[in-house]
Trainee: 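Please read through the structure below; I'll follow up with questions.
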Amino acid sequence: MTRLFTYYPEDFGELPVDVIHMDLTFSVRDDHTEVASRMQVRVKDAPVSSLDLNARSLEVLAAQCEEYPAAIRYDRKNHRLSFIFDAPLLPGTELHLAARTRCRPSSHILEGLYYDETPGGAPPTQITQCQQWGFQRIVPCFDDMTAKCTYTTTIIADGRYTNIISNGDALSRRKPCGNGRVAITYDNTTTPMAPYLFFLGVGTYATFSRPFEYPDGRTFTLELLVPPGSDEEIARQALEVLADGVLWVYLFTGPERYQDIPLRQKLWDLCHERDQARDAGDVERLAALRAALAEGVQAIVPGYAYTGTVYREIGMQNSDYGGMENVGNTTITTNRIMPFPAMTDHAYEYMVRVKVHEYYHNLNGSEVTGKSPFELWLNEAVTVHIENAHFGFLFGDDYARIQTVIDLISPEGGTFALDAGAAAMPIEPDGFNDPNELITGVTYVKAPEFVRMIETLMGKEAFARSLDRYHRRFAHANASRQDWLDAIGEVAGRRFDDMARVWLKQTGFPVVRMTHRYDPDARTCRIALEQETPAGAEPWTFPFVVALVDREGRDRAETTHLVTGRHEEILFEDVDAPAFVAANRGYSFYGRVVDDATPDERHLRARHDADLVGRFCAFQSLAGAEMLRLLEDPGAVPSPAFCDLYYDLIADRSLMSAAGGQFLTVFESVEEPRFAHRYTLLHTARRRLLQGIAGRHQDGLVDLYRSYAAAPAGRSPAAIKERQVKNLILQTLAPLDTPPVHALIREQFETAANATDRLVAFSAYMDSSAPDRDEVFDLFRVRSEGDLVSWETFLAAVAGIRAPDSLSLIQKAAASPSFRIEQSNDQRALFGRFARNRPLSLETAEGREYLGEALSGLAVINEYNTVGALEVFGALDQMGEDDQVPLVAVLLRIMRAADPQEQPSVYNTARRLLHGAPHAVAAYIRSFGPAPELADLPHPGPVEDIANEQI
């Protein structure tokens, strides 16, 4: 059989033993760490003759079973440390497997124990990343999500480290143990945890903390570990954002989260008043508020409450992930852990999201854990669902929902584009090469949309109760997809198994073609739905929310219809003729709608639908139609009606305060296959569209810009939305590319009081014909090089430039001494963003050459970021043949740079992309002849056994 993946579900069987406890002692040195481990296990219900522990890239110094004679063999090639017993062990037998091993940290393999950013003069910072299989790089173990156990961890390290940490509560202060070294022991026995949640860190940090107090008086400590010299006020703000997330989870989640909302809001406000009184030392006021809270909280059923004594966030400068939960020790990329002055608004919103996301994982993921990597989506989808609710609470539900829809439909990294690509994998894939392949938009966007659709079908209140049942039933245990569906179905009174099977196992999404017919005599409106699916796919089941609306935007009727087949009909009876039909309200299902609305009906909906998401979708349809018209006729100009609509919407203060400037996003995309993947043409058409709008309404837009420019600064949701609108106006004016517009952009660049304004102005200026572009480039580069947050932003901005000299600017940034290829942030910002700059990276010869060079080099440094960049090849077979042939060559170059054993994700992802592009491959073969990599050869299969080594 040809294996497209290294791992399949059948590779994950039930462990032969229950793992009960691990005692670990780490002796951390600058260049290596020795680990003494003692694992307590109990044989399950079948005799055991041998036990195989995962042990990757370790030096095994000694190993033994304490109770029973066993031969010890270490198979380095297959990463197995085996205990082969002289006699089978009977069910119920308890034993201890002991080992002494050595691991060596890396500066670019960001898994297991690795080096992070080290302050000058300090011993090297070392932290762990164990998701999914990093723990076996540290210690021999059953590196399986079901191997949940308790831990006692002792760390011996250089006493100069300010922080020496692991999971659990410290049993005592650090103790000297000679030669400037100290020891500290942590007890993690409250919450058994899967190996991928283990954390160890030794580093030099500034530590900030604040107490957190629940309404009922229970307390624990919030702690923040960030680079030395960090601003105390910024750290305090970061802790406040975290504290608000913790409080929100307690007050606004749980089985009765939709009951007593006014009381919950009152408790929220009282908690903030209490904290202010505590900080001010107002003892009398503090006592009164505590009494009121203690009484009020008894009337609600709260959500999750933290069970530890310290909840810690640790800044990690170099990581593949934005954040990672580790049972009490959450790592968050340092550039996103605090509201730095150089942080953009988008990054600030991410910070708000990631803090509550990783905290909620203490319940969903840590206390209740999926059974295998194939169910990683189960840990993430519900957590993102809660994260979205929290973000909506702070920024507004409409704003949050539109942001998610943009994540779905964006042609540049959007989930629909990924899900339709040649290398797409379903939510629950058939296989994978490395668990990191499961950390994609499918897991973090599509899977939560599946959860949201179930919530829509069963109702919010019932869904909240079912989620609570699931968490209680599987507390401190593992749960399968079926376990979750059973808990959901019991409360709903219906089964979702068939719906789940299709959504979890199929790639792609439904396209619904909707038509409507009104019968004035019968006063009925009949809606016909035709569900289109990719070839060979089953129809999906999903909720379809549709409403009939009059000219003033008043609903005449609305219904939620369950779509189960390819042909559906909805009948509205006894209704007046609608002015327009509002389909897929709230973006009720993961998919696209093609309806029969006229342009006038779309204009009405964009202006008047009560559902802001529906208005956004109507605007998107109109923008797409304008883009297509400009693509089909290079001499056409944007229609006055669309230009006026755009201006009227951007001038609508109430709309912008609710939805933000993101509402008027105009993508470089159309649905028409002839143009869908002609990226340079799409870029040009969008620029022409904005030029038409700006030319027709230049004076009004400049006046609007000036009015928004006077808005107060800050990071409140209102301030962020106003900045969005202001910068949208500037980006709309920028394509005019005239000296007055250049002056306006440069003025914003020079006077910007925040990172977002400066970044937008820089990008707009670099895409202009202003004669002093080089000067602005150097100014921004010099400002950015001394600050890691600014540097990441600068790299991403440069990589997205579309001007004729774009590539030379990108190469100039890469040649800077500040660019470090081993740093994940630098890789993502420059190479990942450049890859998504498709007009340059895919449709120019010099761009393709640089892409091949960059990704071939990156493949052996960071598989995860390389695979992420490879997503841009997903539509290779739909591109023009002139581009297809050289792009096949780029993929072949990347495959040849990657070792199938050492970089299987890169190699096999490139291969799957080529297998998914038969026309492009055929064109390449016609031009250059066959290549070995293009033959559908079988997977090498199991590697040749090597002689086991007796220890």
Side-chain angles (χ1 to χ4, degrees), residues 392 396-402 404-406 408-409 449 452-461 463 509-520 522-531 540-565 567-625 645 649 652 654-655 658-659 663:
D397 290 333
D398 288 323
Y399 181 83
R401 187 60 184 157
I402 291 172
T404 297
V405 175
I406 289 173
L408 292 176
I409 66 178
E449 287 299 294
R452 186 177 186 272
M453 287 187 288
I454 287 184
E455 181 192 59
T456 299
L457 290 172
M458 67 187 295
K460 291 179 180 291
E461 293 81 2
F463 182 79
F509 47 86
V511 174
V512 174
R513 296 194 178 275
M514 188 197 85
T515 59
H516 75 284
R517 182 170 61 84
Y518 182 75
D519 185 337
R523 299 191 71 251
T524 60
C525 187
R526 195 175 301 272
I527 309 288
L529 306 177
E530 299 293 327
Q531 180 184 168
W540 282 272
T541 297
F542 52 88
F544 187 83
V545 180
V546 60
L548 309 181
V549 188
D550 70 14
R551 294 192 66 84
E552 284 70 44
R554 294 186 294 261
D555 287 3
R556 294 305 188 192
E558 184 186 80
T559 190
T560 299
H561 177 79
L562 176 63
V563 175
T564 59
H567 313 286
E568 302 274 339
E569 190 171 271
I570 305 170
L571 180 65
F572 289 99
E573 297 183 286
D574 194 26
V575 291
D576 293 331
F580 61 89
V581 178
N584 198 23
R585 271 196 160 173
Y587 225 92
S588 57
F589 77 98
Y590 177 88
R592 295 185 183 275
V593 175
V594 180
D595 61 30
D596 61 348
T598 65
D600 287 345
E601 289 170 341
R602 295 193 200 284
H603 276 269
L604 276 175
R605 190 179 185 194
R607 292 179 182 275
H608 298 303
D609 195 349
D611 171 35
L612 289 193
V613 178
R615 293 180 69 181
F616 171 79
C617 291
F619 173 79
Q620 288 300 315
S621 295
L622 290 165
L645 172 69
L649 293 175
D652 185 338
S654 63
L655 173 63
F663 183 93

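This structure is a prediction, so every number in the text was calculated from the model and none was measured.
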Trainee: CD/Glu455 to NZ/Lys460 distance, rounded to the nearest 0.5 angstrom?
Mentor: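 Answer rounded to 0.5 Å: 4.0 Å.
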Trainee: Taking atom CZ of Arg554 as the centre, does the number of heavy atoms from other residues, nucleotides or ligands within less than 6.0 Å exceed 12?
Mentor: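 More than 12 heavy atoms, drawn from other residues, nucleotides or ligands, come within 6.0 Å of this atom.
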Trainee: Do Glu569 and Arg526 make a side-chain contact, defined as non-hydrogen atoms from C-beta onward lying under 4.5 Å apart?
Mentor: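 The answer is yes, as the side chains (C-beta and beyond) meet within the 4.5 Å cut-off.
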Trainee: Below 4.0 angstrom, N of the basic side chain to O of the carboxylate: do Asp555 and Arg585 qualify?
Mentor: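 Here Asp555 pairs with Arg585 in a salt bridge, since their nearest N and O are under 4.0 Å apart.
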Trainee: When you compare the side chain of Val593 with that of Phe544, does any pair of heavy atoms fall below 4.5 Å?
Mentor: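 Yes; the side chains approach each other to less than 4.5 Å.
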Trainee: One thing to verify: whether Glu568 and Arg513 come together as a salt bridge, which I'm taking to mean a side-chain N less than 4.0 angstrom from a carboxylate O.
Mentor: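 Glu568 and Arg513: not salt-bridged.
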Trainee: To the nearest 0.5 Å, what is the distance between CG (Leu645) and NE2 (His603)?
Mentor: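 One finds 5.5 Å between CG of Leu645 and NE2 of His603.
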Trainee: Taking Thr456 for the side chain and Pro543 for the main chain, is one N or O donor matched with an acceptor at less than 3.5 Å?
Mentor: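 No, Thr456 side chain to Pro543 backbone: no donor-acceptor pair under 3.5 Å.
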Trainee: Quick check: do His561 and Val546 have side-chain heavy atoms less than 4.5 Å from each other?
Mentor: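 Side chain of His561 against side chain of Val546, heavy atoms only: no contact under 4.5 Å found.
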Trainee: Taking Gln531 for its side chain and Trp540 for its backbone only, find out whether a donor-acceptor pair lies under 3.5 Å.
Mentor: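 Flag set: sc Gln531 to bb Trp540 pair under 3.5 Å.
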Trainee: Sequence neighbours left out, what passes side-chain contact (heavy atoms from CB on, under 4.5 Å) with His516? Give chain and number order.
Mentor: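 side-chain contact (heavy atoms from CB on, under 4.5 Å) list for His516, sorted by chain: Cys525, Ile527, Val581, Asp596, Glu601.
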Trainee: Check side-chain contact (heavy atoms from CB on, under 4.5 Å) between Ala618 and all other residues, then give those that pass, not counting sequence neighbours.
Mentor: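 Ala618: side-chain contact (heavy atoms from CB on, under 4.5 Å) contacts with Arg605, Ala606.
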Trainee: Quick one: SG on Cys617 to CG on Asp609, what's the gap to the nearest 0.5 Å?
Mentor: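 If I round to the nearest 0.5 Å, the distance is 9.5 Å.
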Trainee: Are Tyr518 and Val575 close enough that some pair of their side-chain heavy atoms sits under 4.5 Å apart?
Mentor: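 Touching, per the 4.5 Å side-chain cut-off.
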Trainee: Under 4.5 Å between any side-chain heavy atoms of Arg452 and Thr404, yes or no?
Mentor: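 Counting from C-beta outward, Arg452 and Thr404 never come under 4.5 Å.
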Trainee: Could you tell me whether the side chain of Asp652 reaches within less than 4.5 Å of the side chain of Phe663, counting heavy atoms only?
Mentor: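 A side-chain contact is absent here, since even the closest heavy-atom pair is not under 4.5 Å.
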Trainee: Nearest 0.5 Å, please: how far is CG in Asp574 from OG1 in Thr524?
Mentor: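 One finds 10.0 Å between OG1 of Thr524 and CG of Asp574.
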Trainee: Do Val549 and His608 come close enough that some side-chain heavy atom pair is under 4.5 Å?
Mentor: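 Not touching, per the 4.5 Å side-chain cut-off.
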Trainee: Using a strict cut-off of less than 4.0 Å between a Lys/Arg side-chain nitrogen and an Asp/Glu carboxylate oxygen, indicate whether Arg556 and Asp550 qualify as a salt bridge.
Mentor: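 Salt bridge present between Arg556 and Asp550.
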Trainee: How far does CZ of Phe463 sit from CE of Met458, to the nearest 0.5 angstrom?
Mentor: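 Atom-to-atom, Phe463:CZ and Met458:CE are 7.0 Å apart.
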Trainee: If only atom types and distance count, is the side chain of Asp611 paired as donor or acceptor with the main-chain N or O of Gly586 below 3.5 Å?
Mentor: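 Answer holds: yes.
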Trainee: Take Glu530 and His567, measure what side chain to side chain contact (heavy atoms under 4.5 Å, CB included) needs, and give me the verdict at the end.
Mentor: CA-CA 5 Å; Glu530 299 293 327; His567 313 286; 2.3 Å; yes
Trainee: To the nearest 0.5 Å, how far apart are CG in Leu548 and CZ in Phe572?
Mentor: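 Reported to 0.5 Å precision, the distance equals 4.5 Å.
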Trainee: So do the side chains of Asp398 and Arg401 get within less than 4.5 Å of each other, counting heavy atoms only?
Mentor: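 Heavy-atom side-chain distance check fails, nothing below 4.5 Å.
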Trainee: Specify the closest pair of heavy atoms between Pro510 and Tyr590, including all atoms of both residues, with the distance to one decimal.
Mentor: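 For Pro510 versus Tyr590, the nearest heavy atoms are CD-O, 3.3 Å.
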Trainee: Identify the residue among Val512, Leu562, Leu457 that makes a side-chain contact (heavy atoms from CB on, under 4.5 Å) with Phe542.
Mentor: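 Running side-chain contact (heavy atoms from CB on, under 4.5 Å) over Val512, Leu562, Leu457 with Phe542 returns exactly one hit, Val512.
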